[in-house]
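Model, not experiment: these values are computed from the prediction. All ligand and atom numbering here is 1-based and tracks the order in the structure.
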Amino acid sequence: MSFVFTPPAIVSVPVVGSSERFAVHRIYCVGRNYEDHAKEMGFTGREAPFFFLKPADAIVAVEAGSTGSIPYPSLTKNLHHEIELVVAIGTGGKNIKAADAQKHIYGYAVGLDMTRRDLQGEMKKQGRPWCIGKGYDHSAPIGPITPAAQAGDVGKAEIYLQVAGQDRQRSNVSKLIWNIAETIEHLSAAWELQPGDLIYTGTPEGVAAVVAGDTMMGGISGLGELSVKVV
Ligand code: MN
């Protein structure tokens with residue numbers, strides 16, 4: 001087969017303890033999935049889950065032990081960090097029941113749902129899609145994927161983000177409004193999940209701005225840390 005131009009390289013994420021990489025298919029994100037974050041965004045925290053997507057090539061894959069970098073994006077004056085547990089799907093499916101969700105999960109990673117908050121806010125106000133605020137280039141930094149069997153009890157893991165050694169976000173995955181299995185049930189009712197799909201499960205409270213020169217250090221217990229500098 002030949003193409004009219006060279007096809008783009010496959011986007012992939014390193015895997016802890018393996019030389020094989022996880023090829024990325026789609027990036028699904030859950031909105032407002034921690035009650036205290038929903039409240040800081042002006043909502044009650046009691047609503048059905050909702051989803052948005054980022055393009056797969058928004059991934060910035062950071063190798064273990066290194067600091068990744070993202071450019072300060074265009075058009076915004078309010079770039080926010082959102083530290084998130086990312087679920088990596090290894091076996092696809094549709095209409096997956098929460099009770100069966102675990103066997104579809106390949107592993108977990110620490111991710112950042114970087115957000116042009118001012119642009120997202122403007123789109124919200126106008127009832128328009130969030131894409132320009134959420135799905136822009138380099139908006140999805142992620143650390144290595146830890147296979148599920150090595151990840152411990154992710155559902156009860158501490159999740160945090162620091163900038164310059166100061167806590168910005170600190171919570172626990174147990175505070176998810178819709179837990180991992182319920183999220184997979186809802187998501188797979190709307191889309192057929194595929195191997196390679198990533199699910200950014202939502203961020204706890206404490207989202208705030210970063211500027212060029214800041215280094216974000218995020219982590220989830222059992223999954224290591226993710227370090228990303230804004231340049
Ligand atoms: Mn988010």
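- Ion pair Lys175/Glu35 not flagged as a salt bridge, since none of the NZ, NE, NH1 or NH2 atoms sits closer than 4.0 Å to an Asp/Glu carboxylate oxygen.
- Glu82 contributes OE1 as its N, O or S atom closest to the Mn ion (ligand 1).
- Relative orientation of the Trp130 and Phe50 rings is perpendicular, given thresholds of 30° and 60° on the angle between their planes.
- Closest to the Mn ion (ligand 1) among the N, O or S atoms of Asp113 is OD2.
- Side-chain contact between Val87 and Val154: absent, with no pair of heavy atoms (C-beta onward) separated by less than 4.5 Å.
- Per residue Glu84, closest N, O or S atom to the Mn ion (ligand 1): atom name OE2.
- Between Ala56 and Val11 the shortest heavy-atom distance is O-CG1, 3.5 Å.
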